[in-house]
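Values in this document were obtained by computation on a predicted structure and should not be read as measured data. Whatever order the structure lists ligands and atoms in, that order sets their numbers, starting from 1.
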Amino acid sequence: MKTVVKDTFWNRYKKLVKTRMLPYQWKVLNDDIDIRIEKERNDASIPSEKSHAIENFKIAAGRTKGEHYGWVFQDSDVYKWLEAAAYTLKNYPDEELRKIADEVVDLIGEAQEESGYLNTYFTIMEPDHKYKRLGESHELYCAGHFIEAAVAYHEATVSCCSGLGGQKEVGSSKALEIAIKLADHIDASFGPEEGKIHGCDGHEEVEIALMRLYHLTGCDRYMKLAEFFLLQRGKDPDFFRRQFREDTGKPAMGGLYNAPLTYFQIHAPILEQDTAEGHAVRLVYMCTALADVAASTGNKDLEAVCRKIWRNIADRRMFITGGIGSTVSGESFTLDYDLPNDTMYCETCASIGLIFFARQMLRLSAEGEFGDVMERALYNTALAGMALDGRHFFYVNPLEVVPEKSEKDPTKSHVKVVRPDWLGCACCPPNLARLIASVEDYVYLESGRDILVNLFIKSDMVRKYEDGEVEVKMEADYPRSGKMQIHVDNRTSQNVRIGVRIPGWADGANGKVYGGDGKRSDSECAVTADRGFWYVECSAGATDIELELDMNPKRWYANPLVSEDVDKVCIARGPQVYCAEGADNGDNLHLLMLPKSSALNYKWQDELLEGVGTIEAEGIRLSASENGGLYRCTKADSTKPAKIKLIPYYAWANRGPNEMRVWLREKE
Ligand code: FUB
Ligand code: ZN
């Protein structure tokens, strides 16, 4: 399946990756730019003087001398950058970027040990302690990120090279060779066999990567190894602590060994886990791999686990913005309906992982709600992770902010009010770069021979079959408009079904189907609805599908069990959640009330925030004054009219520090 994005909204982002994110991040990774690196929270032990990520590789490769600096997983910043570069090269061939990326691959190759082992921290600092402290070491996590990058790099350079005459395949196969050597080293070291390590990594990721390597190479061993790592979770809950007790090395991430077992998803055998527990990124990475293995093997037990955890997240543990992780402590899930808007975590990477998980769930089963959650996370928290300029990033994505509280309340030190240049722990910025650079891979998916239109991103897609090809061209200007036209050209000898996701938020849609002769089909017989998708049977030749989703702004309410959101309302338009910012509404946003009867007026504003649709409504502001003491027996309920102006959540914090609020008080 080859998809080319032609979309105004997404191509702005994709070009930003190419022109801003990649060059900027490259300079940061090389410590070649004067920026302020912030600690992600108040914690003296966080390394935040520099990135040093490329230098770590140079030292491990023997090109320079020195010590490793940064987190034990600093290598993964480089790998994610490389993966983003690979997708970008596929879309925008560029000799200069290709040269830099090839050189990075060469450097990584030099840093790889003869055995295949690859990790700059352990090679430089603790060569005798490899795989001995897996709870904290991130060795397999980093390996996973490299393998993912190498798969992407191989796929990108092979196809981009064929466009350039096929003469430049060296870099691409080199990355894959390094990855295979690494994967084989891991395979030789871990597994159920006698003499191998019967353990897994504290941070899931290698499982996703091994599945990608399996899909690329068809080599079963990698899938078996991914499955082994997954099934190992919770089998031997003392494993990490035992390794730590037995190892004589120094902890690289002090404190992780005291983390609860849930943090690592090892509190119960994986097949018995049915709620989203622990560190949010780890959990969704685990589920992504689990769903991939389930889809690839047909293992119903694994599928059942994915479904249970999915239900728990979607029904009880996800913010309306698609953010996950309710507490800074362990960057973790907490309990059902605990969704605090101002102390939450909602790490950008966690929403990215949720998007990965949703994609694999769609591979398992064509159910629209997987796409709905993906879209929610993508258009809200994931995009909020980056400033509109492509060079400032949020790690944590709040739904409610008062700048002074973040400054003065230590329990909110993780809640930044403007996006920093960079962070001591820089997992999110390059993760976002790789997601945006590959967004085309989330638009169309396959379910058997059905082609699913999952996201409404203007694009052309071609799927080749043995007996021909199917081309889909989607016209869309989403989410600005809810009108879509999907042109299907079936150049095969069989019918193909196109399943178009009808988002849950839309309450249905208006649709029309036209056959190749331009005549409108009887929609009742041409379209069948099934679990969030409308299916259109397309025989050979052309079929046109027209779709219109209701994009009128809507009021949303949380389940009353979410104590934080009782009596509050959130406005969303299509997949986009809206918020009020101080820049438009003044301070003390908690004093604003939105009457139930107020009309919600949508207006496109080209000049604002790179072009956004705003929503305005007649609101009320509770009068507040410091007179009258802190507590009173009469309710201070004098009010005055106030215009409320809302912007899409992803675009907040682009106008300097100011208050922000997603959930507004509602007035009957
Ligand atoms: O541990 C590696 C990454 O750093 C995690 O995915 C993020 O949550 C951050 O802790
Ligand atoms: Zn992150």
Side-chain angles (χ1 to χ4, degrees), residues 21 25 37-41 43 45-48 51 53 70-81 83-84 119 121 133-146 148 200-209 240 251-257 259 262-265 276-289 322-333 344-357 377 381-386 392-397 414 416 419-420 422-436:
M21 287 178 96
Q25 296 191 9
I37 304 183
E38 288 188 30
K39 293 183 192 299
E40 48 276 15
R41 57 185 176 277
D43 178 342
S45 69
I46 290 173
S48 61
S51 162
W71 288 101
V72 69
F73 49 84
Q74 208 83 342
D75 294 359
S76 60
D77 297 350
V78 176
Y79 299 150
K80 283 186 259 185
W81 180 91
E83 190 180 338
N119 184 289
Y121 174 81
R133 296 198 309 271
L134 288 159
E136 65 154 15
S137 75
H138 285 72
E139 286 158 289
L140 302 179
Y141 167 89
C142 289
H145 275 304
F146 178 67
E148 284 209 77
C200 55
D201 196 278
H203 196 316
E204 301 87 336
E205 157 57 36
V206 75
E207 301 82 355
I208 298 177
F240 293 147
M253 287 179 69
L256 260 199
Y257 285 89
T262 45
Y263 176 85
F264 309 98
Q265 296 79 40
E277 301 299 338
H279 185 270
V281 181
R282 292 169 199 241
L283 183 276
V284 281
Y285 280 18
M286 176 184 93
C287 290
T288 300
I324 48 173
S326 291
T327 177
V328 57
S329 172
E331 309 179 311
S332 289
F333 290 98
M344 68 318 90
Y345 211 62
C346 293
E347 181 179 342
T348 306
C349 284
S351 286
I352 294 172
L354 183 58
I355 292 166
F356 297 158
F357 181 22
T381 298
L383 286 185
M386 180 172 71
H392 295 87
F393 305 93
F394 272 145
Y395 186 132
V396 164
N397 294 280
H414 60 294
K416 310 280 178 206
R419 297 170 184 84
W422 200 250
L423 292 138
C425 171
C427 50
C428 303
N431 217 1
L432 194 52
R434 70 178 182 141
L435 175 75
I436 295 171

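The Zn ion (ligand 2) has an N, O or S atom of Cys428 closer than 2.8 Å.
Residue contacts with ligand 1 for Cys425 involve side-chain atoms from C-beta outward but no N, CA, C or O (heavy atoms, distance under 4.0 Å). If you look at Tyr395 next to ligand 1, the close heavy atoms, those under 4.0 Å, all belong to the side chain.
For an aromatic pair to be called close, the ring centres must be under 6.0 Å apart, and Phe240 with Phe264 satisfies this.
Take the Zn ion (ligand 2) as the corner point: the lines to SG of Cys427 and to SG of Cys349 open at 120°, to the nearest 10 degrees.
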Applying salt bridge (charged side-chain N to carboxylate O under 4.0 Å, His left out) to Glu83 and Lys80, what does each step give before you reach the verdict? CA-CA 5 Å; Glu83 190 180 338; Lys80 283 186 259 185; over 6 Å; no
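A tilted orientation is assigned to the rings of Phe73 and His138, their planes being inclined by 30° to 60°. By the 30° and 60° cut-offs, the orientation of the rings of Tyr285 relative to Phe356 is tilted. Between His414 and Tyr345, the ring-plane angle classifies as parallel under the 30° and 60° cut-offs.
Close contacts between ligand 1 and Tyr141 involve ligand atoms 2 (C), 3 (C) [criterion: under 4.0 Å to a heavy atom]. Atoms of ligand 1 lying under 4.0 Å from any heavy atom of Glu347, numbered from 1 in the order shown and given with element: 7 (C), 8 (O). Ligand-side atoms of ligand 1 in range of Glu331: 7 (C), 8 (O), 9 (C), 10 (O), range being under 4.0 angstrom from any heavy atom.
Within Glu347, the N, O or S atom at minimum distance from the Zn ion (ligand 2) carries the name OE2.
In this structure, the side chain of Arg434 does not engage the main chain of Trp81 through any donor-acceptor pair within 3.5 Å. In this structure, Glu38 contributes its side chain and Trp422 its backbone to no donor-acceptor pair below 3.5 Å.
Taking each of Glu205, His203, His138 in turn, the one with a heavy atom nearest to atom 5 (C) of ligand 1 proves to be His203.
Within the structure, the closest approach of His279 to ligand 1 falls below 4.0 Å when heavy atoms are considered. Residue contacts with ligand 1: Cys427 is included, with a non-hydrogen atom under 4.0 Å away.
What you find for Gly322 and Thr381 is that their closest heavy atoms are C-OG1, 3.8 Å.
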